[in-house]
Structures are given as structure tokens and as C-alpha cells.
Amino acid sequence: MRLEIGNFYVKDIVFGAKTEFKDGLLTINKEEALGVVFEDEHITEADLHIVKPGDMVRLVPVKEAIEARCRVGGGPVFPGVTGELMQAGDGKIHALKDSSILVVGRHWGGFQDGLIDMGGEGAKYTYFSQLKNLVLVADTDEDFEKREQQKKNHALRWAGMRLAEYVGKCVENLEPEETEVYELEPVTKRSAEVNALPSVVLVLQPQSQMEELGYNDLAYGWDCNRMLPTFMHPNEVLDGAMISGSFMPCSSKWSTYDFQNFPMIKRLYQEHGKTINFLGVIMSNLNVALEQKQRAALFVAQMAKSLGADSAIVAEEGYGNPDADFIACIVALEDAGVKTIGLTNECTGRDGASQPLVALDEKANAIVSCGNVSELIELPPMETVIGELESLARDGLSGGWSNDAILGPSVREDGSIIMENNAMFCGDMVVGWSTKTMKEF
Amino acid sequence: MKKAILYINQFFGQIGGEEMADHAPEIREGLVGPAMELQKQLGDEYQVTHTIICGDNFMGSRQEEAIKTILGFLEGKEFDIFFAGPAFRAGRYGSACGNICKAVKEKFNVPVITSMNEENPGVEMFKKDMYIFKGGASAASMRKDVAAMAKFAIKLMNGEELLSAEEEGYFGRGIRKQVYLNPPVNAADRVINMLLKKIRGEKFQSELPIPPSDLVPIAPAISPDELSKIKVAMVTSGGIVPVGNPDRIQSASATKWGKYDISELDDLVEGEYMTIHAGFDPAAANADPDVIVPLDALRAYEKEGKIGGVYKYFYATVGTGTTQAEAARMGREIAAELVADGVKAVILTST
Amino acid sequence: MTKEIEKAGITIVQMANLIPVAKTVGSNRMVPTISIPYPLGDPSSPKEVQFKLRYHRVGVALDALTTDIKEQTVFKVKI
């Protein structure tokens with residue numbers, strides 16, 4: 001399997017007569033793009049904005065981020081989701097870099113939605129403040145979930161994916177500025193030199209807690225709650241096999257953009273053949289019942305053992321009850337003789353003093369910690385808000401509240417906000433970008 | 001000019017050695033013993049106005065009285081910061097420093113700083129409550145230990161950015177915060193570094209040390225005979241409340257609990273009770289709250305005579321995001337009510 | 001909360017799905033439940049079946065209260 005990602009670096013985005021990319025300038029025909037959004041009759045209103053690093057703009061409730069791409073020669077960017085099933089991770093794709101499509105609710109947020117500040121002190125809390133973004137702000141007729149804290153956000157997320165493909169299409173026939181190549185030989189057919197290196201398997205735990213379909217991360221369009229751990233090629237993850245869901249408290253979330261760019265995978269590729277033998281990815285999940293967590297750990301450890309993995313990295317998309325899966329997998333792997341590193345974030349409570357993971361085990365002795373969902377963040381008002389600021393306080397976002405006895409509401413009259421890091425959109429960057437760690441004070 | 005007061009024991013207070021350990025607390029204007037070094041280290045913008053001296057045994061065996069007396073000395077005195085020690089390895093001295101610092105902090109709400117060696121039992125006892133700087137094993141480190149306390153005090157009082165416990169030199173207080181690494185190193189790189197070290201059997205430091213477990217003594221079993229005579233109470237962190245959430249318990253990071261009268265009910269039903277817990281799909285619990293607070297099952301056992309009855313209230317709060325400190329406080333408050341009403345048995349359901 | 005109630009001398013049993021969590025936090029008497037969103041009754045099964053499960057597991061919990069233990073104990077359930 002050989003994946004070539006041809007990169008086009010976006011220096012600026014503007015609206016214009018024709019959707020095209022030239023010399024770093026991405027032009028979007030707004031009407032045509034909105035036409036793509038409105039293909040789904042469930043979308044009742046929609047608008048597009050352009051935001052860039054440094055803009056004093058606050059976006060909330062943010063539901064998804066997607067990298068605009070196209071499959072060279074045709075085919076869906078997200079097999080099994082935006083089009084027919086096909087093998088991902090083998091072939092050529094073109095991607096618009098330094099840029100993303102952001103999906104924001106016109107009004108209604110939920111537990112899983114988050115906030116992005118493009119400029120000012122709040123910018124550092126998310127990755128997307130570094131990108132030039134095409135923002136879809138829209139509302140839908142999904143009244144059944146309008147006032148629910150848990151939202152499937154289906155229409156909005158799928159509209160985002162349609163937009164990502166629409167925009168990506170404009171670079172299909174252009175020559176990329178650079179090409180990333182990802183290739184791994186079949187596991188049992190590697191050279192003696194590579195086989196002599198310590199082997200590593202990357203275990204990913206995408207969120208899949210909801211038992212009703214429509215909320216969880218998808219693998220080739222299949223709900224991750226309805227699967228057992230399985231062996232995947234890292235190229236599949238980089239090439240649209242995984243879609244972000246709509247459940248995770250936002251700073252722990254892996255957006256579709258996060259999956260498409262997965263820094264931990266790219267970093268393992270960098271080391272492959274030099275210091276390690278990167279075997280591949282075990283795609284596990286985070287189901288809610290204890291027996292399912294145990295079963296998943298069993299499968300993960302068995303697969304790692306049977307692959308002959310010397311070591312493993314376990315990355316968890318979540319906190320709270322998913323910590324039990326995280327620890328269970330690490331312990332099962334260590335018991336199988338697989339040296340394991342854990343990659344996660346913590347929830348210490350507002351006073352910083354609660355146990356950081358809800359389950360612990362001495363065998364989990366090597367953890368990289370990306371941030372704290374409980375950290376309080378206070379930010380000044382922003383000139384421009386895309387979406388609806390009040391949603392942070394009103395709609396049960398994981399890091400916002402309507403009225404706290406000590407702190408007051410998350411959204412104050414003057415537009416300044418106080419929130420938990422929990423609602424920063426994909427803020428803990430557990431996929432590998434995080435430059436945050438946790439220290440004791 | 002910022003003002004400071006220092007607490008020391010009878011030995012460093014130049015009263016005497018072990019034989020003077022029962023020395024009653026006294027407060028002296030000006031500098032005695034280590035206070036001189038402290039003043040020197042703090043510099044001209046600070047004045048160590050008083051030195052408090054107390055015998056280690058006096059504080060140890062007449063603690064309440066000692067603390068009361070010393071707090072009395074401090075009443076009406078102007079001071080911005082309070083120091084104690086350094087206590088090195090002296091156990092009674094370390095314990096004394098911890099006790100007096102805790103009391104002063106609670107009453108006067110000023111920063112309190114002390115110093116002791118890692119072997120000093122005072123560290124485990126008090127590290128969560130105050131800054132305990134990592135001190136040397138004996139008085140040979142006096143200057144160094146005093147300097148460390150002073151240096152941090154100045155940083156603290158100037159409102160400078162404070163680094164982690166390890167970097168500043170005091171024992172971690174069990175408070176974890178997120179910190180941006182400077183220079184920045186991303187998580188993927190940190191994973192590779194840690195992975196290679198672990199594979200090679202080299203030393204590495206986990207970013208999340210596993211704390212030792214903390215168990216409580218097992219409460220005694222109730223005899224089946226007694227169980228058939230007493231009322232069993234239900235408590236839940238699953239957020240089951242009357243529809244409308246009259247006590248406005250938060251759906252996450254809760255700080256409130258409620259108690260609800262079920263003395264006339266055999267069953268919790270849809271439309272009367274619901275869950276407000278944000279961390280899971282509420283559908284099942286809203287349709288039948290008994291799946292979280294099993295009133296119907298308990299009533300069945302009451303009819304059979306296995307239990308004497310169901311306690312008239314059930315207690316509820318929400319577990320997601322809620323700090324352990326808040327949960328513990330709520331637990332204590334609920335426990336106090338149950339104890340006051342003679343409840344001996346509880347079933348607690350979590351989600 | 002379980003620990004604070006037990007510290008006050010009240011005999012308590014915790015019914016939870018995530019036994020590893022209850023153990024780590026320090027509960028002494030534990031009974032497993034079937035899931036997080038519906039600890040004592042699976043909504044996809046008929047009401048009678050749900051009640052039977054609930055009745056059984058609550059019964060195990062009551063028996064846990066009458067059982068002398070020497071260390072953290074997870075009590076076994078049959079259905």
C-alpha cells in the first residue's frame with residue numbers, strides 16, 4: 001500500500017467568481033459552495049466566512065474540522081461515507097494545506113461542540129487558529145435534537161464533508177508543491193534490517209460510547225461502537241477511512257482533520273526503518289460497558305502479541321470512563337510482554353487535585369500527557385463571533401455552564417468568557433500536536 | 001515594605017536543647033536565630049518583624065493551646081507572609097511547622113512557607129496544605145534552605161509566574177495543571193523519546209506518575225437479622241432528580257446534592273424523575289429511573305422482610321467532571337445526615 | 001462519596017459498571033452493574049427481565065452488606 005499526498009499550501013483564501021487555486025491563493029465561488037451545502041434539504045440556513053490566523057474572531061459552537069482534499073482519478077475522499085466503499089491509503093490524493101473547513105452551528109451547541117479563537121490570548125488553545133479556514137455556519141431542521149445536550153449534528157457534519165470535497169476538487173489536476181509518500185511493506189515481508197529493529201504497533205481508541213447510532217466515530221462509514229479491535233494500515237487513517245463523531249467533550253475530540261493528519265502516525269513513519277519497525281495500527285474503540293472494554297483489551301493484546309510487537313503506543317480519544325479502556329489495554333499489553341507508552345489527556349477537576357485518570361494501574365508507568373480538560377480559561381470579548389456566543393453557556397458545552405455559584409455564567413454580558421479547557425475545539429491535540437504537558441504544583 | 005514573621009523551635013530560638021522542648025510559645029520583636037538569615041535573604045523590601053519561638057514538645061503535646069496562643073500573638077500584627085523552620089529531619093519540628101503554618105493560613109489567609117527534608121514525616125502530612133521546600137538533612141543546610149524559602153517568597157509576592165513544584169524546589173501539593181513546554185516539544189516527539197528509552201531499558205520519566213492508593217477501613221458487616229430490622233438508604237452519582245431539577249444540581253462538575261422524599265413511592269417513574277447527568281445517553285434512565293436508583297427492587301425486599309425498610313430519602317448528585325474534593329465534601333455532608341438519622345446501611349449506585 | 005460514607009461508620013456497597021474505577025478510588029464492597037447509562041436494567045429487554053436482573057443484583061448488594069470482608073471485594077452476580 002502506497003499513499004501519495006500531494007500538498008498545496010494555502011497562503012490566502014478569498015471569495016471570487018470561480019473556485020480555483022493559483023499561486024497559493026484559494027478562491028471560492030460562494031454561491032456555488034453554498035449550493036453544495038444546500039444539497040441536503042435539512043440545512044435551513046447557511047453562510048460561509050473566511051477566517052485567518054490573527055483575526056479577532058471567536059467561533060462557537062464548532063462541530064467539526066476537515067481538510068479539503070480530492071482523490072486523484074476520482075472516488076470519494078471518505079470511502080463508505082461520502083461515496084462508495086473502496087480501499088483507502090493506496091493511491092494519490094491532493095490536499096489543501098495550512099487550511100481547513102470548519103463547521104459551526106448558527107445557534108445550537110451541545111456537549112460535544114467547542115470554541116476556537118483565531119487571535120488574541122485564546123488562539124493558542126486550538127490548532128485551527130494557525131490555519132486559514134473556510135467556515136460554514138448553518139442551521140438545520142433537526143428539531144429533535146435542537147435542545148438536546150447530545151447532538152448527532154449529522155446534516156452539518158456531512159455538509160462539511162461535501163464542502164471539503166468540493167473545495168478539494170479544484171486542485172485535482174494541478175501539480176503539487178510537494179508530495180508526502182507513505183509506504184509500509186507487508187508485515188511478514190520486511191527486510192532483515194527492518195525486522196531487527198524493535199517493533200511498534202499504534203493502538204488507537206476512537207470514541208464510541210453512544211449506543212444509539214449516529215454519534216460515534218466511523219471507520220469506513222461503520223459505527224465504531226459496533227466493531228471489535230481490528231488491524232488497519234496507517235495509510236487508511238491518513239486517507240479518510242476514519243470520520244470524527246459527535247459525542248466527545250471537545251478538547252479530547254479528534255476531528256476528521258486530526259485523523260487525516262495524524263501527527264503520531266507521521267512521526268512513527270519518520271522513525272520506521274531507522275529506530276523502529278512500525279507494524280501498523282490496531283484500531284480499537286471506547287465502548288461504555290465494562291465487559292466490552294475488557295473484550296477490546298483482550299483483542300488488542302492478542303493482536304499485538306501475534307504480530308510480534310515489542311512495544312505499543314495507546315492513544316485515547318477521551319477522558320472519564322474511557323480511561324478504564326485506556327488502562328485496561330495498557331495493562332493487557334504489558335502483561336503480554338509488550339512495552340507500552342500511553343498518550344492521553346487528564347481531568348484533574350477545577351482545583352487540580354482530583355485523580356487525573358479515573359482508573360490507574362502501576363503498570364501504566366509511561367504516559368505522555370497532553371493537557372487538562374478541567375483547566376479554567378478566562379478570555380476577553382472578541383470583536384466578531386461566528387455562530388452564537390451564548391451557546392457556550394446555554395447549550396451544555398462540556399466546558400461551559402449557565403450559572404456557577406462562584407464563577408457566574410460562562411458568557412458574561414460584555415462578551416468575555418470563562419470556561420474549562422474542555423470546550424476548546426480539539427484543544428488537547430492528543431493526536432500528537434500538543435506542546436502541553438501536565439506538571440504538579 | 002512587606003512584613004514577615006518566622007516561627008522556630010526552642011533550639012534554633014537559642015533557648016536550649018531537648019531539655020527545653022516544653023518551652024511555652026513566645027513572640028519576640030526582631031530577629032532571633034535563623035530569622036537573621038531570612039532577613040538577609042529577603043532583602044531590603046521586606047522586614048522580618050517578629051520571631052515566634054515554641055518548644056517542639058509543647059506544640060506536640062499541647063497543640064491546641066499552642067496554636068491558640070500563637071494565633072493570639074499574631075492578632076493585630078501586620079504581616080504579609082509567614083515562615084516556619086527550616087526543620088530539616090527533625091520530625092516533631094516538622095510537624096510543628098506544618099501545624100502552625102496550616103492554622104495561620106486558615107486564619108489570616110497569607111502565604112505560608114516552610115522547609116523540611118524529604119524524610120521528615122511532616123512532608124507527607126502537610127505537603128497538600130502549604131509550600132514545603134525541599135530541605136537538607138541537617139542544620140548544615142540552614143543557609144541554603146532559608147535562601148530557597150526567601151527566593152520563592154519574593155517571586156510569589158511579586159506575582160511572578162510560578163513554575164512547577166519540581167522546578168521551584170518544593171514538594172508537590174497534589175495540584176496538577178497544564179503547562180506549555182518552553183521550548184515547545186510536541187506530544188508525538190515525546191512519545192517517541194519515551195518509547196525508545198523504555199524499549200532500551202533506559203530511565204525515563206512518565207508525565208503522569210501513578211499516585212499510591214488510598215483505602216478506608218472496612219465498615220463492619222450487618223447481620224441478616226439486623227438488616228431485616230433497619231432501613232437501607234440509596235445514594236447515587238447518576239444524577240437522578242425529580243423532573244425539573246428543583247435543586248438545580250449541575251449536569252457536570254457538580255457541587256450540589258439533593259435529597260428526595262420517596263416514603264410514599266414504590267417505584268420511580270418516567271415523567272416524575274429523570275437524569276441530568278451529562279456524561280451518558282439519558283434515554284434509558286429517563287424512561288425508567290429505577291435502572292439507576294432501584295427503588296422498586298428495594299421495596300420488593302422490604303415486603304419480603306429481608307430489609308426493615310427503605311430510608312425515606314434518596315440522595316443524588318452528578319459524577320461527571322466533579323472534583324474528588326467536592327465529591328468528598330458532598331459525601332461527608334450526606335454521611336452526616338445519615339448518621340444523624342441512624343442510618344446504618346447504604347447502597348450507592350454510580351454511572 | 002462511598003469512602004466518606006464508609007469513614008463515618010456506615011456499611012455501604014457500591015454498585016458500579018466500572019469496577020476498576022471503584023477499586024482504584026478505594027471502595028470496599030462492590031457489585032457490578034450492566035452498563036453506565038442503564039446500570040440495572042437493559043432497555044432492549046422486556047420489563048420483567050429488567051426487573052429480574054435489578055432484583056437479583058440489588059439482592060447481591062444487600063448480601064454484600066451482611067458479608068464480612070478482609071479486603072476490597074467484588075461480589076459476583078448470576079444474571
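Just so you know, these numbers use all the heavy atoms, side chains as well, and skip hydrogens, waters and symmetry mates. Nothing here was measured: the structure is a model prediction, and the numbers come from that model. The sequence lines fix the lettering, A, B, ..., with proteins before strands; numbering per chain opens at 1.
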Hey, which of [options] has the most heavy atom pairs under 4.5 Å with chain B?
options: C:Ala64, C:Ala61, C:Pro39, C:Ser44; value: C:Pro39
options: C:Gln50, C:Glu6, C:Lys70, C:Lys47; value: C:Glu6
options: C:Gly41, C:Pro37, C:Gly26; value: C:Pro37
options: C:Thr11, C:Ile36, C:Thr2, C:Ile12; value: C:Thr11
options: C:Leu65, C:Thr33, C:Asp63; value: C:Leu65
options: C:Leu62, C:Thr67, C:Asp42; value: C:Leu62

Among [options], single out the residue with the greatest number of heavy-atom pairs under 4.5 Å to chain C.
options: B:Ala285, B:Ala328, B:Ala336; result: B:Ala328
options: B:Asp290, B:Thr236, B:Ile334; result: B:Asp290
options: B:Asp296, B:Ile292, B:Val232; result: B:Asp296
options: B:Glu333, B:Met330, B:Glu304; result: B:Glu304
options: B:Ala300, B:Ser223, B:Pro220; result: B:Pro220

Give, as side chain, backbone, both or neither, the part of C:Tyr38 having an atom under 4.5 angstrom from any heavy atom of chain B.
->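 For C:Tyr38, backbone and side chain are both near chain B.
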Tell me, side chain or backbone of C:Arg29 under 4.5 Å from chain B's heavy atoms, or both, or neither?
-> side chain
Heavy atoms from other residues, nucleotides or ligands near NZ of B:Lys306 exceed 12 (cutoff 6.0 Å) = yes
B:Asn109, CG atom: more than 12 neighbouring heavy atoms under 6.0 Å | no
[X] and [Y]: which non-hydrogen atoms are nearest, and at how many Å?
X: B:Ala316; Y: B:Phe314; answer: CB-CE1, 3.9 Å
X: B:Gly172; Y: B:Ala165; answer: CA-CB, 3.7 Å
X: B:Ser237; Y: B:Ser350; answer: OG-CA, 3.4 Å
X: B:Ala284; Y: C:Pro43; answer: CB-CG, 3.7 Å

Under a 4.5 Å heavy-atom cut-off, does chain C meet the side chain of B:Pro217, its backbone, both or neither?
-> backbone
Under 4.5 Å to a heavy atom of chain C? For B:Leu227 that would be side chain
Using the six-membered ring of B:Tyr313, assess whether NZ or CZ of B:Lys259 lies under 6.0 Å from its centre and within 45 degrees of the ring axis.
-> yes
If you check every heavy atom in residues 71-79 of chain C against those of chain B, which residues fall under 4.5 Å?
-> C:Glu71, C:Gln72
Should the pair C:Glu4-C:Lys7 be classified as a salt bridge under the 4.0 Å nitrogen-to-oxygen rule?
-> yes
Salt bridge present between B:Lys256 and B:Asp247 (N-O < 4.0 angstrom) | no
Under 3.5 Å: donor-acceptor pair, side chain of B:Asp341, backbone of B:Val343 = no
On the 0 to 90° scale, with breaks at 30° and 60°, tag the B:Tyr311-B:Tyr315 ring pair as parallel, tilted or perpendicular.
->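 Rings of B:Tyr311 and B:Tyr315: parallel, under 30°.
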Mind running side chain to side chain contact (heavy atoms under 4.5 Å, CB included) on B:Thr349 and B:Met234 for me, showing each step along the way?
-> CA-CA 8 Å; B:Thr349 54; B:Met234 289 182 291; over 6 Å; no
Please round to the nearest 0.5 Å and tell me the distance separating atom CD1 of B:Ile230 and atom CG of B:Asp225.
-> 10.5 Å
